[in-house]
Amino acid sequence: MDVTELIDTYCMAWSHPDPKERELILGLVWTDSGHYTDPGVHAKGKDELLAHIDRVLLKRPGSRVERTTAVEEHHDVAKFGWAAIDAKGELVTSGTDIVIFTSSPAKIERVIGFFDR
């Protein structure tokens, strides 16, 4: 899986309505000890991140996360823009994520998210 596919799969995990499927999708790209940080949360490990995604989707049922920019990558670090879209197709929020990968096989070790709004 190349870096762009990895990021798109990560975004899919934020978008899938079924918790079991979300866990399987995230497991494809996330290390068990990975960390996720944004202005409102710091999740340690896959289970904490899945719990956070569950809470987000409870507030915004039917929403999805889409990558909005090309993925820029070097030295096992990448950044990309994203948007959260609600069930009606309206923009909820957007931002930029910085991603740190393991080397081989490439999986997400850390995400640091910034919100535009």
Side-chain angles (χ1 to χ4, degrees):
M1 187 177 308
D2 72 21
V3 172
T4 298
E5 291 172 312
L6 205 140
I7 295 298
D8 288 344
T9 302
Y10 168 73
C11 291
M12 193 184 320
W14 279 86
S15 305
H16 203 287
D18 180 77
K20 292 290 185 197
E21 286 296 315
R22 251 194 323 271
E23 182 176 4
L24 290 173
I25 293 166
L26 190 63
L28 295 172
V29 298
W30 192 264
T31 64
D32 288 337
S33 60
H35 286 231
Y36 171 86
T37 305
D38 70 27
V41 69
H42 181 76
K44 298 176 188 174
K46 185 171 73 171
D47 290 341
E48 284 188 22
L49 177 56
L50 286 166
H52 175 62
I53 294 171
D54 286 345
R55 288 188 298 273
V56 169
L57 290 176
L58 279 173
K59 292 179 194 174
R60 305 189 310 238
S63 68
R64 65 188 186 280
V65 172
E66 298 178 353
R67 181 175 52 84
T68 58
T69 68
V71 176
E72 295 181 52
E73 182 251 344
H74 64 81
H75 298 93
D76 297 328
V77 178
K79 75 172 184 169
F80 69 97
W82 55 269
I85 309 296
D86 70 14
K88 296 178 183 176
E90 300 290 324
L91 177 67
V92 176
T93 192
S94 59
T96 300
D97 280 2
I98 308 298
V99 181
I100 301 170
F101 301 100
T102 58
S103 290
S104 183
K107 283 199 166 189
I108 298 172
E109 187 168 51
R110 181 144 172 91
V111 173
I112 304 165
F114 296 88
F115 298 130
D116 292 336
R117 302 181 191 200

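Keep in mind the model is a prediction, meaning the values are calculated, not measured. Just so you know, these numbers use all the heavy atoms, side chains as well, and skip hydrogens, waters and symmetry mates.
With hydrogens and angles ignored, the 3.5 Å screen pairs no side-chain donor or acceptor of Thr68 with any backbone N or O of Ala83. Side chain of His75 to backbone of Val77: no donor-acceptor contact under 3.5 angstrom is found. Checking side-chain atoms of Glu23 against main-chain N and O of Lys20 turns up no donor-acceptor pair under 3.5 Å. No donor-acceptor distance shorter than 3.5 angstrom exists from the side chain of Thr96 to the backbone of Phe114, with no hydrogens or angles considered.
Counting only heavy atoms from C-beta outward, the side chains of Trp82 and Arg67 never approach each other to under 4.5 Å. Counting heavy atoms from C-beta outward, Glu66 and Ile85 have side chains that approach closer than 4.5 Å. Residues Ile53 and Leu57 form a side-chain contact, since some pair of their non-hydrogen atoms from C-beta on lies under 4.5 Å apart. Two residues are said to be in side-chain contact when any heavy atoms from C-beta on lie closer than 4.5 Å; Val3 and Phe80 fail this criterion. In this structure, the side chains of Ile7 and Val99 come closer than 4.5 Å at one or more pairs of heavy atoms. Residues Asp76 and Thr102 form no side-chain contact, since every pair of their non-hydrogen atoms from C-beta on lies 4.5 Å or further apart. Between Tyr10 and Val111 the shortest side-chain heavy-atom distance falls below 4.5 Å. Contact check for Ser94 versus Phe115: no side-chain heavy atoms found under the 4.5 Å cut-off.
Annotation: the span from His52 atom NE2 to Asp47 atom CG amounts to 14.5 Å, rounded to 0.5 Å. Atom NZ in Lys44 sits 16.0 Å away from atom CG in Asp32 (nearest 0.5 Å).
Pairing each heavy atom of Ala87 with each of Pro61, the nearest pair is CB-O, 3.6 Å. Closest heavy-atom contact between Lys107 and Leu28: CE-O, 3.6 Å.
Here Lys79 does not pair with Asp97 in a salt bridge; the nearest charged N to carboxylate O distance is not below 4.0 Å.
In this structure His35 satisfies the side-chain hydrogen bond (donor to acceptor under 3.5 Å, both in side chains) test together with His42, sequence neighbours excluded. Checked against side-chain contact (heavy atoms from CB on, under 4.5 Å), Asp54 has the following partners two or more places apart in sequence or in another chain: Pro19, Arg22. Applying the side-chain hydrogen bond (donor to acceptor under 3.5 Å, both in side chains) criterion to Asp86, with sequence neighbours excluded, gives no partner residue.
Side-chain contact of Tyr36 with Asp38: a donor-acceptor pair under 3.5 Å is present, judged by distance alone.
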